[in-house]
Amino acid sequence: MTREQIRSDIFELLKKTAPETDPTRLGPDENIREALNIDSFDALQFLVAINEKMGIDIPEEDYGKTTTLKSLTDYLELRSKAGN
Amino acid sequence: MENQKNIEPQKAADLLYQMLLMRKFEEKSAELYTKEKIRGFLHLYIGEEAVATGVIQTLKPEDYILGTYREHAHALARGVDAGAIMAEMYGKQEGCSRGRGGSMHLFDKEKNFFGGNAIVSGHLPMATGMALASKKLKKGNITVCFFGEGAAAEGEFHEALNLASLWKVPVLFVCENNLYAMGTALRYSHSMQELEKKGQAYGIESAAVDGMDLLRVMEAATKAVDLVRSTGNPYLLVCNTYRFRAHSMFDAELYRDKAEVEEWKKRDPIPQFREYLLKENLINEEQIGEMEERLKQEIQKAVDFAEAGTWEPEEDLGKFVYTQNSAS
Amino acid sequence: MSEMIKITYREALKAGIREALTNDERVFLMGEDVGRYGGAFAVSKGLLQEFGEDRVMDVPLSESGFVGAGIGASLAGMKPIVEVMTVNFGLLPMDQIVNNAATMLHMSGGQINVPVVIRMSCGIGKQLAAQHSHSWEPLFAHIPGLVVLSVGTHEDARGMLHTALEHPDPVIIFEYTSMLNREAEIPADAGPMDISLAKVRREGKDISIITYGIGVHKSMEAAEKLAEQGIDAEVIDLRVLRPLDEKCFLESVVKTHRALLVEEAWGSINVSSEVSARIMEKAFFDLDAPVKRLGGVEVPIPYPLHLENASVPQVDDIVNAVIKILRP
Amino acid sequence: MTDFKMPSLGADMEAGTLVEWRKKPGDLLQPGDIIAEVDTQKGLIEIEVFEGGILDKYLIEVGDKVPVGTPMASLRPEGTTGVPAKEVKEQVHPIQEKEKPEEAQATEHSEKVNIPSKEKLSEEKSFKDKPSEETSSEEKLSEEKHRIKISPLARTIAEKNRLDLSGITGTGEGGAIIKADVEKAMAAKKEEKHEETLEKKIEEQVPERPVKEQKTTEPAAAGISPQESIRKAVAAAMSLSNREIPHYYLEKRIDMLKALTWLKETNQQREISARLMPAVLFIKAVAKAIDSAPALNAVWENGLQLKNEINIGFVVSLRSGGILVPAIKNADLKSTDEIMISLNDIIPRARAMRLRSSELSESTITLTSLGENGADKVFGVIYPPQVAIVGFGSIIDEPVVQKGMLAFRPVVHVTLAGDHRATDGLTGSRFLEALNNHLQNPETL
């Protein structure tokens, strides 16, 4: 999975989670939840959707690594390379 | 007081003491009643002391005694502890009936004292039955049943006398005729006022005696008890007497003349007996003085005992209804 | 399982009395016409000849007197079986039973218990009219201090007396005149029966019919009829009307959720009233229908047969009442 | 100096009227002497003294009616002299005024108007009783109109299963609902539930439609957007609440260490789609805590009406503003997993405004949880006609004293806003305490 693919998946899923927003305007180091006004329930839904789409299950202790667009992309890239 | 056989000085003193104890004990009771220490009904025997004293002194410890609701004196004569009686009237659990009975229901099984029965005449059939049991079990003891002349108008009196005579059982019926059933005079209760004749109607040997004279009561009682004991047959002894006090504490005594009461008081059995003993040199003033001091102490002791007594805890209320839950 | 024998209710009663007289010298039977006449209902026929007149005592017509005497005899060590010919005469000794037998233990603070047994026949059903057709079990069951038994079966007729005589407190036994000739099977070696528990006479799951005395048989018959209609009724024989064994009937109601109370005594303020109240107090949340009572119509019992029948619950009344509760 | 008091001569004697003094002040009294004659309801009775002494002074006058125990005269020991007249006046007068029990005066008063005090009392009582009796019978009547006839057993079963009785037809006496009817209704309910799930599944398969076209909970008036109408509805409800409901507030800080630890351990073993959120624990804990304070699970409509079902209204805030409060039905009967499933179902639909109106009207108590990074505390406004709202602030670390040591622990500040017409602080406190207990035992939730 390329980094580009990952990014576009993230945008698609964020849009689904928060339809009224435009995730493509997120800065790389912006806190996603704060910027898009995503509450904890929606955040969980978003991670579930990532799991469904990419087959990557993010454990709770890694939630902290998924707060910005950059860190999330890095994390997913790493995990997908690791074969998962 | 003439023609009486001599009595031992010690016994004479004991009898005087006993009558004085009855009198002073009840006077104290009346006082305690007005102070609300004693409640319920309080029937005083004052004036009639010679009857209980004279009859009970002839009995043996194994004889059964049944009394009425006017029975403090009988209990005292029987040797029931004055403190236990006073505590009973206070309603304390140290009372002779554990406080459950009160003034009208003094019981002491050890002393064969079976109450304290407050339904007029209700205890007469029981007395007959107890005597029946004595006969069946060949115990050799007799039953003595005290009751007022009011009871002699009840059906149970007649049934009990009939059965006692029919079954020939050793029971002595002692009628304390004080002339008033509460406020109803003898002449308004009985068509036939010589009550001893009612015994004769059932073939029961009967006699009447001056109940204000201790020596005469003793004489008559001795004869009656001897007869009951030796023949095993019933006997009716009528003691004509008088109560000086009201029927119970709350009694305006509308039914009798003050003068009549005063007249009877002249025949008060206690001074009568004391004068006799002094005259016969069976006792002296000094001894009487000592006796009065002893009395004071005994009564004070009884009151102190009652005062110090304890209330039965309310959670024990359900006791003494069935034997099973009556353990104390 | 021992051998069963066929026996009438009368014979069962007599066997119980005979056994008691045989086993204990202190036991004696006293009552009107119990001896020479053989018992008003021939229950004690032949016992005089067998045990002699000291043990089987005819008494005059004086219920207060001889019941009181029985109480007295029990106080003094005997074990009397006092027979009051029928409950219809049972009010005459009521004073003795209530004020003496039931009260003495309490008034004496637990000192004096009254181990007397009083038997009375009772019930409705021989066209005996208003003064001789009473079901007064509730009157006696009202009184603390008494043990009140209702003999609804032949086994109890045979065995309750034995246990009653062992009880330290007064026991009243109600026997049912109309059952005397009824035959039933009991074990040949039937003996003492408990006198503290109610019994489930028939198990069922749909409704509890709670009854006693003559009502037991009527209810059993009704239960059979109901079974034909697919209704499974449980029948409880209270047996002991005081103190009530509430555990038995409460457990039954908790199981069936419905109760019909059946007795011959007048409908209001009877044993069923008490049973109903206890169900309400202690099993309310298990009830699926209001508790219903079938009692005697509140009228003095009339002489004509059809009216007499109409005045107490009959088998069909029980059947109909159950159906109405289950299929409203 | 002692007082001679009106003696009690019987349990039924309450008072006596002094008719005549038999002794004068200065007379020497012996025990047993008659001091006076008193009229009682049983007639004239002579009363005696039991202690000797000199009659010092009368304390009541002939004709006075006094209760038992009232001092009638003072006595002094033999051999003493009387108190000087002047002093007597000073000393005795106040006794007369003060020590005479009030009852005595009342009796005198009532005798003047010729009504025996006892009767008067009972008259007053019955008069008082009357209006209250009327009210109660009225209440009874109105109550009976709404009453559902049901056997005690059937009611017990229905309550245990939180069964709504209104739809059940009784087959017992007088149409009363009996056990069999309740059991039938329960079986039917189970089936219904089954159907409901099916329906939901089918619904899920229906392709999503654009937001605009989707059904809103309240039919939107022409020209008003769904968002606007929700805002309006919330505004109306909150204004009504503020106007009519007297709120009281309680707060409790709850240690969340155990709950979070448990949650972490549980989630670790689960796939992400099956993981639970803290809100689930809050919901379940609230549902269970209601057992300790059923009056909070209710509505106020012509008085307090307790609800059998526990339907927890869960506040969902819309990103576009406004809130929706869909109900998690029978939250007490659901497992934490089932609650999570409910949330997964209900929150997206709320956000998409695809809730059924019943889901918005069935709540029996409201829960609002701010989630992470929110405010520490939230003081809710009750959603009428409910009578309580429970607010969970964000879970934050706070210093906590533990065994005398200061430690940082995750805590949540829980507030309860209650309708003071319906319940009071005691009920609320009991509820919060129970809530805390449940959250300290997360494994049992």
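Letters A, B, ... are given to chains in the order of the sequence lines, protein chains preceding strands, and every chain is numbered from 1.
- Between C/E63 and B/E159, the closest heavy-atom pair is N-OE1, 3.9 Å.
- Your options are C/M78, C/M107, C/H167, and the one with the most heavy-atom pairs under 4.5 Å with chain B is C/M107.
- Remark: C/L75 CG to B/L66 CG distance equals 8.0 Å, nearest 0.5 Å.
- With rounding to the nearest 0.5 angstrom, the CE atom of C/M104 is 9.5 Å from the NE2 atom of B/H105.
- Considering all non-hydrogen atoms of both residues, C/N100 and B/G122 come closest at ND2-O, 3.0 Å.
- Looking at B/Y64, the atoms closer than 4.5 Å to chain C (heavy atoms on both sides) all sit in the side chain, from C-beta outward.
- Here B/K109 is the residue among B/E88, B/K109, B/E110 with the most heavy-atom pairs under 4.5 Å with chain C.
- The minimum heavy-atom distance linking C/G65 with B/P125 is given by the pair O-CB, 3.4 Å.
- No more than 12 heavy-atom neighbours from other residues, nucleotides or ligands sit within 6.0 angstrom of CZ on B/F41.
- In this structure, the side chains of B/E156 and C/D95 come closer than 4.5 Å at one or more pairs of heavy atoms.
- Per-residue counts of heavy-atom pairs under 4.5 Å with chain B were compared for C/G110, C/S108, C/P168; the largest is that of C/S108.
- Scanning all heavy atoms of the two residues, the minimum distance from C/M57 to B/K136 falls at SD-NZ, 3.6 Å.
- Contact annotation for C/E25: neither backbone nor side-chain heavy atoms come within less than 4.5 Å of a heavy atom of chain B.
- The environment of CD in C/Q131 is sparse: at most 12 heavy-atom neighbours from other residues, nucleotides or ligands sit within 6.0 Å.
- At most 12 heavy atoms of other shown residues, nucleotides or ligands fall within 6.0 angstrom of atom CD in C/E53.
- Note that the CG atom of C/N113 and the CD atom of B/Q324 stand 12.5 Å from one another [nearest 0.5 Å].
- Within 6.0 Å of the CG atom in C/L91, the count of heavy atoms belonging to other residues, nucleotides or ligands exceeds 12.
- Separation of atoms CD (C/Q111) and OG (B/S97) is listed at 5.5 Å; rounding is to 0.5 Å.
- The shortest heavy-atom contact between B/W167 and C/V59 is CZ2-CG1, 3.7 Å.
- Heavy-atom distances place the side chain of B/N117, and not its backbone, under 4.5 Å from chain C.
- Put simply, CG on B/D108 and CD1 on C/I112 are 8.5 Å apart, with the number rounded to the nearest 0.5 Å.
- Put simply, the side chain of C/Q96 reaches to within 4.5 Å of the side chain of B/M126, judged on heavy atoms.
- Residues C/R242 and B/Y322 have side chains in contact (heavy-atom distance under 4.5 Å, counting atoms from C-beta outward).
- Side-chain atoms of B/K139 come within 3.5 Å of backbone N or O of C/A76 as a donor-acceptor pair.
- Atom CZ of C/F66 is separated from atom CG of B/L166 by 12.5 Å, given to the nearest 0.5 angstrom.
- Per-residue counts of heavy-atom pairs under 4.5 Å with chain B were compared for C/L146, C/L61, C/V67; the largest is that of C/L146.
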